[in-house]
Structure formats: C-alpha cells, structure tokens
Amino acid sequence: MKKLRESTKFMTFTSQESLDPADWDSLREQGHCMLDDMIDYLRALEQRPVWQPIPDLVRASLREPLPRAGSELSEVHQIFMRQILPYAVGNAHPGFFGWVHGGGTAVGMLAEMLAAGLNANLGGRDQMPVELELQVARWMAALFGFPDTASGLFVTGTSMANMIALLVARRRALGPEVRRQGIGWGNRLVAYTSSSAHGCIAQAMDLAGLGTAALRTVPVNESFEMDTTALEAAIVEDRAAGRVPFMVCATAGTVDVGAVDDLAAVSAVCQRHGLWFHVDGAYGALAMLSPQLAGRLDGIQQADSIAFDFHKWGQVPYDAGFVLVRDSEMHQQTFALPTAYLRRDERGMAAGSPWPCDFGPDLSRGFRALKTWFTLKVYGSDRLGEVIAATCALARYLAQQVAARPALELMAPVSLNIVCFRHRGVDADSLNAALVADLQESGVAAPSLANINGQLAIRVAVVNHRSGERHIDALLVALEELAQARLAAQ
Ligand SMILES: *Cc1c(COP(=O)(O)O)cnc(C)c1O
C-alpha cells in the first residue's frame, strides 16, 4: 500500500463552493493510489484467503454516529483497505466456488470508474449511454435468435428480470385493464416451472399479485430437467378445472446442479397451448457464447422472454442483470407511463423515445451497459465463450477426481459447471455441512451446500475465469485433510 505524502490532504483543500477539491492535483495523487491498491489486490488475489470470518473488533469498528464533520479521503480509503476489503465474500478469488457468483475483471472495474465519473442516469433522454444499452440489447437479440425489434433492459439481476418478464406475460394474459383494475379475474391465472427452479420465480408470482399457490412446480427427471409430459398434463388438468394457464418458466442452468430444461420441448408445449415461454437463464443463457455449448440451449430462440445475468458467467462486475423480450410493444405497454414530466419531444434532450424507463419499474438507472459493453468489446464474445467452456471442463475434471476417490461420491450428473458430491460417512449430512463450513473458514476454497433429493451435498460451481485445475486440487487436498481430522475426532 502506498502512503500519501503528508501535504496531500484532500479535505483541507476542498473547495468552499462545491464538493469538488480545491486542489485537483492532490485528488489525482490520491486517486492513483486507490487505483494502484485495487490493481495490486486483483494481481495478488491468490495469496489471500478466499474468505475469512470478520473479527468482532473489525465488525464493531464501523459503528459510530453519523459523521457530521468530514475526514481525509486518504484516511477513509485506509479504512476500506484494512477493514472492508479483506472481509468481503471473496467471489473474485479463484478458489471461490459457492452459489453462482461471477468473478469480475479488471476491465469491468475500470469501466465502472468511468461510468461513475460520468454519472449518467439511464432512465431515458437523448444520450449515447442509452444508445449503448440499446446496442447491447441488439447484440443479445442476435445472440439468442430474436428479431432486432426485441427489447432489452439492464436490471439489478435475474430476480428482477424474471419478475419483469412475468409482468409482461401477465399483461398479455389480462389485457391493458390489468394496470388500472389490478388482477381482477386474473386470480385464475396459473404458471408453471420445475421443482428445480430458482425461488425468485415464486417470489415474482407473489409480487405480481398472482400468489405462489398459482405456480405449479412440475417434477423433474433423473437429470433434474423439467418433465415436459407432466408439464403438459398439468396444463390440461388446470384448463379442465377452469383455471387459466398463461406462462411457463423454464430454466437454462438450474442453481443446484446446472441442469438445462429441454427448451425445444417446453417451447412446443407453450405453442400448443398458447402460453408465454420464458427462460430463466440467469447464468446458463450465456453458454450461447460457446459453440461447444450453444446446442444445449436449443429452443431458447423460440422464447418470448429470457432473463440472465452478465455478472455471473459473463464476468461483468456486479450488478448487471438483463431481460430480453421478443414483443417490445407488449413489453412497453406493461410499464410505460403517460406522466407529464416524462414528456417526449422530437428534438432536444427529451427526444429518443421510447426510453428505458418505459420497459421496467426503474426511472433512475445507472450505466450498467458500459461495463458490459467494455467487457464484450475488450475480450470479444469468443473469448468469453471459451472461458465459459473452460469452467465446464474444470467441473468435469473435478467429477473425475471425485470418481477416483472411494471416500467421495457424486450426487448429481454434471451438466455444465456445477458438481454436487459428498464425503461418505455414517451421518453424511452433518459431516458434509461441517466440511463445507470448515473449507470456507480454511480460506483455501469456498464451495457451498446443496440439498439433492433430501441429502446434503458439497456444491462446487465453477464460474470464475481465474479458477484452474490447481484450485480444484487445493480444494480436494484441504477437503481430505479436514475430513480426516473430523473422522479421527469421532
Ligand atoms: C442466480 C440465479 C437467479 C437470481 O439471479 P440474481 O441475479 O441473483 O437476482 C435466478 N435464477 C437462477 C437459475 C440463478 O442461478
């Protein structure tokens, strides 16, 4: 860490007229110092523990009254370096395998700085930042075989993207009056997803006023993919009972095991019954960038909407969720407001309608498009596709290592980049839960837990472009040692 010269005090030189510095040179020096620290951090990530528990003193150190007087920028930066940075969850680290977290890149970090400096508000108006978002949407439409009239919108994450898609589907099912009258007879609407779907689908049903009971959870086959025969049977049964099926949410890359529903089969069912076909492709949809993997998503081209995250497999820093909707008019009619202060014009800054705020509930919106555009431009989509394929190859490597060790057993087929396995033992559930916590606290590797058919498994999701075979090996060595210690103590 660089130490600033005593003379470069920031606050001391803060201008009286604004929050800008009176002395821009001292800001420049401090800024370079902060940038250097983050570059050093990324460069030497591997020398750090993946995660470490927050010491009580560190946790307590933040608790103070609202600071009425300011501090030196350099001092606040030191607090960040000492008390905050070391105790983050560690998903940038190559040994991080928990949940499905992306690793981010230095390029994304720098783009975020540019975006923050510009401080653009992407709710709307005639500006190049909005054009950039539209360009990313056109790229995604092309990638997924959607018409170039499709609409795309950056949101926080796939939870929000799924909800937006569900609201568009609800608007299609109930017509424009749903926006004034509420759901009315819509309490008969039912949607379908698989028992392996992410919980945010049920939450979206709740938030949309349809209720979680109106979401049918279709069983999955032995590969954890939606049973499309059972799906069709449930639709027919609901119709016969006077309910109104309106939407199917398939998953491309389930959160537990990385299963991909048979999207072509789901699409065919949706077409036969006139239902909205949505794909939750939170992390899996971007497999489309890899020629080796794209075939796994066959049928996604027929979707009415797709939700996915650039911040997972796309390696863009948090957050960068995205929703793509085939019918942009229906999408716009679900959210656009006739508000006077959002009046549009043919010229001036109020031109360029429709605006992003017409396609979702957010009016003030950050420039998520910039870090995504930078990532796609700098690395190119081929390279990102290779990174995605490499994470799947690592998962296969881990599965082989598991199969070669009699003490370990695989708990689910490896479809993409997720491996669920466990250590054998008398009370395997508590042993493996303890081992996952042990591993996380060791700082060597950080997997998470999954419940597979009622049994706990160690779940390793390889998402980070920095992860390699040596990190998988380190996880296995640590696991073996920790398991031996636990079994010896029994
Ligand atoms: C991560 C994930 C989500 C939630 O996405 P967020 O970006 O965390 O909101 C939804 N579905 C699946 C399959 C996921 O993997």
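All values below were derived from every heavy atom in this structure, side-chain atoms included, with hydrogens, water molecules and symmetry-related copies excluded. Whatever order the structure lists them in is the order used to number ligands and atoms, beginning at 1. Position 1 is the first residue of the sequence, and the numbers go up from there.
In terms of heavy-atom proximity, Trp99 sits nearest to Ser448 at N-OG, 2.9 Å. Looking at every heavy atom in both residues, Gly152 comes nearest to Leu324 through CA-CD1, 4.2 Å.
Asp280 OD2, 2.7 Å is the protein heavy atom nearest to atom 11 (N) of ligand 1. Scanning all protein heavy atoms for the shortest distance to atom 15 (O) of ligand 1 gives Lys312 NZ, 3.1 Å. With hydrogens left out, the protein atom closest to atom 6 (P) of ligand 1 is Thr158 N, 3.5 Å, a heavy atom. Counting protein heavy atoms only, atom 12 (C) of ligand 1 is closest to Ala282 CB, 3.2 Å. For atom 9 (O) of ligand 1, the nearest non-hydrogen atom of the protein is Ser159 OG, 2.6 Å.
In this pair, His311 and Tyr318 present their aromatic rings parallel. The plane angle is below 30°, not in the 30 to 60° band.
Polar contact with ligand 1: present for His311 (N/O pair, distance under 3.5 Å). Of the N or O atoms in Tyr283, none lie within a sub-3.5 Å distance of an N or O in ligand 1.
Atom numbering of ligand 1 starts at 1 in the shown order; those under 4.0 Å from a heavy atom of Gly157 are 7 (O), 9 (O).
Residue Asp309 places a heavy atom under 4.0 Å from ligand 1. The shortest separation from a heavy atom of Gly253 to ligand 1 is under 4.0 Å, placing the residue in contact.
Side-chain contact between Pro94 and Glu46 is present, with at least one heavy-atom pair separated by less than 4.5 Å.
Phe310 has its ring centre less than 6.0 Å from the ring centre of Phe322.
Asp238 contributes no side-chain N or O that, together with a main-chain N or O of Pro245, makes up a donor-acceptor pair within less than 3.5 Å.
When heavy-atom distances to ligand 1 are checked against a 4.0 Å cut-off, Cys200 comes that close only through its side chain, counted from C-beta outward.
Ion pairing between a basic and an acidic side chain is recognised when a charged N comes within 4.0 Å of a carboxylate O; Asp429 and Arg422 show such pairing.
Test Arg365, Arg138, Arg368 against Glu133 for salt bridge (charged side-chain N to carboxylate O under 4.0 Å, His left out) and you get one pass: Arg365.
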